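As structure tokens, the structure follows; a few thoughts come after it.
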Amino acid sequence: MRTILLGICLAVFTSVSMRANDSITPPDYSRFILTPKASETPHINGPKVYGARPGADFLYRIPTTGRRPITFSAQGLPKGLKIDPKSGIIRGKALQRGSYQVTLTASNKLGSTSKKLCIEIGDKIALTPPLGWNSWNCWGIQIDQEKILRSAQTLVEKGLADYGWSYINIDDGWQGLRGGKYNAIQPNRKFTDMKALVDQIHALGLKAGIYSGPWQSTYASHIGSSCDNMNGTYWWVEQGIVDENWRVDRTKVGKEDIRSFGKYSFAKQDALQWAEWGFDYLKYDWNLNDRWWLEDMRHAIDATHRDIVYSISNSSRVALGPVLARNAECWRTTGDIRDTWESMSTIGFNGQDQWAPYRSPGHWPDADMLVLGKVGWGRHYHWTQLTPDEQYTHITLWSILASPMLLGCDMDKLDDFTLSLLCNSEVLDVNQDPLGYQGTCFSREKETAIYVKPLDDGSLAVAFFNLGDKPCTMSAIPHKLGLIGPQTVRDLWRQQDLKTIGDRDSWEIEVAPHGTAFYKFHPGITNIKLEGNFRKIK
């Protein structure tokens, strides 16, 4: 069977250097939208499993589409947790360890729906890859409290929270000097009240993230979580070689002079401050990642008794895999991504397979942030240079790899096409599958690749990628994928069953240049008793 996924790609959108206050009109990619619009009847999206530690603050917003108002309920919650029936936000503290099979229900005037959620109260968090937003790829160091809060509000207003996008992460550029009761890093003048900001994010049912690194300075030349002075003062601050936000003047100080590990670690002090503010996620950034500094912050986070996702950045090496898997919930496997086919495809297709042994619930190798929508890193704002087909490949690959997915765009500029990429529940279900397996390359030729990923319900996610510059026909036979019996092929992007084929039939698809086709073969692995000669079984 032949189908055309997207047809001929649009030419790459030309990037234009613009100032931060200039208007950017998104290109009209509406003809490429494949994701159906969500029904007005309620539908509960998101993961099938969620983890928290005993006694830690619990926050979970039930991701649900449908016409508002919607009324929520939850049966079987652990003792200590309560649900707000209007918002669908579950809060509290669960003290008793265990696996709790919770029935979530959402109802409006058009109908009602229920879904099972397993809440695991134990030693692990981030039982599925984190989904959210990070400030860096758009704003760079040009961030402030207003931009962060507005991004959180827009995540809710534009419906991403209804699909499980939940983290709002502040990257580099927030730091001032050390102080406060812990002598921890305090915010600079762009963040007037960090605790109030986090409280506002939590009120939306979302979670908040913060950034630091173990060097004396961060990549953007703000102070880090170590220092050569026991009192936490830095020579470049004492000499006044900083701007109004306490950032090093890089015209006067070379980066190599400040990117060094200090004699004294302030990880404990900084972690206590982040926990007091209420942060739920830490991006800890340096290179080369090493065991001592990695474990140093792990111990500091543990001492706060707050559930904080610990995300290591950047360019981790596979030899450190066992240490990362013991200490971190996420870790970057690459350098910084850019919005080009060369960057995205190189990161996604080269080197990710080596991390498969270390990926499991609570431990997620990270292929870096998504480069969709308006980006610019605080310098030259423009629309992503990825074509529509390349953007489908980007999301499909990150989904089947089970990579964390953090947006890096201007949330106010999200267009319908980008939203359709981010708000497809069936594509996200592959990423959020509770088995936590990494999709791996089943076959690879010069210009094509097929990736497969076993799913919790026994079905198999199969992604076809055309890495070349011309359309090509690709195929797969269920029997060669290890499947026995008839299989229904479901198009995950279009959310529709296409055809039921025999396990020895070939499924063929024409894939656009730099494009993808993303399917689920179901029922996949079955429990049917085989009889007769094995060569004649059909």
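It should be emphasised that the depicted structure is a prediction, and the values quoted were computed from it without experimental measurement.
In summary, of the residues considered (Phe465, Tyr437, Phe464), a ring pair (Phe, Tyr, Trp, His ring centres under 6.0 Å) with Tyr451 occurs for Phe465 alone.
In summary, the side chains of Asp412 and Thr154 do present a donor paired with an acceptor at a separation below 3.5 Å, with no hydrogens or angles considered. A donor-acceptor contact closer than 3.5 angstrom links the side chains of Thr35 and Asn424. A donor atom on one side chain and an acceptor atom on the other are not found under 3.5 Å apart for Ser226 and Gln216. In summary, the side chains of His382 and Asp339 do present a donor paired with an acceptor at a separation below 3.5 Å, with no hydrogens or angles considered. For the residue pair Glu120 and Ser99, a side-chain donor N or O sits within less than 3.5 Å of a side-chain acceptor on the partner. A donor-acceptor contact closer than 3.5 angstrom links the side chains of Asp285 and Asn314. In the model, Trp293 has no side-chain atom that pairs as donor or acceptor with a side-chain atom of Asn289 under 3.5 Å. Using modelled atom types and a 3.5 Å distance limit, the side chains of His479 and Asp505 yield no donor-acceptor pair. Between the side chains of Arg247 and Ser221, not a single donor N or O lies within less than 3.5 Å of an accepting N or O. Side chain to side chain, Trp493 and Thr396 meet the donor-acceptor criterion of an N or O pair below 3.5 Å. Side-chain contact of Tyr211 with Asn169: a donor-acceptor pair under 3.5 Å is absent, judged by distance alone. Side chains of Ser316 and Thr333: a donor-acceptor N/O pair is absent below 3.5 angstrom, by distance only.
A cation-pi arrangement, defined by a distance under 6.0 Å to the six-membered ring centre and an angle within 45 degrees of its axis, is absent between Lys207 and Tyr281. A cation-pi arrangement, defined by a distance under 6.0 Å to the six-membered ring centre and an angle within 45 degrees of its axis, is present between Arg338 and Trp377.
Between Glu447 and Lys470 there is no salt bridge, since none of the side-chain N atoms of the basic residue sits less than 4.0 Å from a carboxylate O of the acidic one. Ion pair Arg494/Asp491 flagged as a salt bridge, since at least one NZ, NE, NH1 or NH2 atom sits closer than 4.0 Å to an Asp/Glu carboxylate oxygen. Using a cut-off of 4.0 Å between Lys/Arg side-chain N and Asp/Glu carboxylate O, Asp433 and Lys453 are scored as not salt-bridged.
Using modelled atom types, no side-chain atom of Asp416 and backbone atom of Ser30 make a donor-acceptor pair closer than 3.5 Å. Looking only at distances, a side-chain donor or acceptor of Gln354 sits under 3.5 Å from a matching main-chain atom of Gly351. Trp398 contributes a side-chain N or O that, together with a main-chain N or O of Asp368, makes up a donor-acceptor pair within less than 3.5 Å. Remark: the backbone N or O of Val511 is paired with a side-chain donor or acceptor of Asn466 at under 3.5 angstrom. A donor-acceptor contact shorter than 3.5 Å links the side chain of Gln432 to the backbone of Pro129. In this structure, the side chain of His363 engages the main chain of Ala325 through a donor-acceptor pair within 3.5 Å. Between the side chain of Gln438 and the backbone N or O of Ser360, no donor-acceptor pair lies under 3.5 Å. Counting only distance, with no hydrogens or angles, the side chain of Asp171 and the backbone of Trp136 share no donor-acceptor pair below 3.5 Å. Side chain of His222 to main chain of Gln175: a donor-acceptor pair is present (N/O by atom type, distance under 3.5 Å, no hydrogens or angles). Distance alone, capped at 3.5 Å, is enough to place a donor-acceptor pair between the Arg332 side chain and the Thr334 backbone.
The shortest distance between side-chain heavy atoms of Thr393 and Met344 falls below 4.5 Å. Put simply, the side chain of Tyr358 does not reach to within 4.5 Å of the side chain of Val323, judged on heavy atoms. A 4.5 Å side-chain heavy-atom check between Ser212 and Ser225 finds at least one atom pair inside the cut-off. Put simply, the side chain of Thr64 does not reach to within 4.5 Å of the side chain of Asn45, judged on heavy atoms. Counting heavy atoms from C-beta outward, Leu422 and Leu370 have side chains that approach closer than 4.5 Å. Inter-residue side-chain proximity for Leu455 and Leu435 is flagged as unmet; no heavy-atom pair is nearer than 4.5 Å. By the 4.5 Å heavy-atom criterion applied to side chains, Ile44 and Ile62 are counted as neighbours. Residues Leu386 and Val371 are in side-chain contact: their nearest non-hydrogen atoms beyond the backbone lie under 4.5 Å apart.
Listed here is the closest heavy atom pair of Ile141 and Ala220: CG2-CB, 3.5 Å. Nearest approach of Gly436 to Pro361, heavy atoms of both residues: CA-CD, 4.1 Å. Here the shortest heavy-atom pairing between Arg359 and Trp364 reads CG-CE3, 3.5 Å. In terms of heavy atoms, Ile148 sits closest to Ile168 at CG2-CG2, 3.8 Å. Taking all atoms of both residues into account, the shortest heavy-atom contact from Arg317 to Ser315 is NH1-O, 2.5 Å. Here the closest non-hydrogen pair linking Gly502 and Pro478 is O-CG, 3.9 Å.
Heavy atoms of other residues, nucleotides or ligands lying less than 6.0 angstrom from CG of Asn350 number more than 12. Summarising the local packing, CD of Glu157 is surrounded by more than 12 heavy atoms from other residues, nucleotides or ligands at distances under 6.0 Å.
A centroid separation of 6.0 Å or more is found between the aromatic rings of Tyr167 and Trp133. Between Trp507 and Tyr519, the distance from one ring center to the other falls under 6.0 angstrom. A ring-centre distance under 6.0 Å is not found for Trp165 and Tyr163. Residues Tyr381 and Trp139 bring their aromatic ring centres within 6.0 Å.
Relative ring orientation between Tyr310 and Tyr284 is described as tilted, the plane-to-plane angle lying within the 30° to 60° band.
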**Asked** When you look at Glu329 and Lys124, which way does the salt bridge (charged side-chain N to carboxylate O under 4.0 Å, His left out) test go after all the steps?
**Response** CA-CA 9 Å; Glu329 279 75 43; Lys124 289 185 179 181; over 6 Å; no
**Trace of the side chain to side chain contact (heavy atoms under 4.5 Å, CB included) decision for Leu467 with His514** = CA-CA 5 Å; Leu467 311 183; His514 295 186; 5.9 Å; no
**Request:** Take Lys283 and Ile312 through the side chain to side chain contact (heavy atoms under 4.5 Å, CB included) test and state the conclusion after the steps.
**Result:** CA-CA 6 Å; Lys283 177 180 175 181; Ile312 299 298; over 6 Å; no
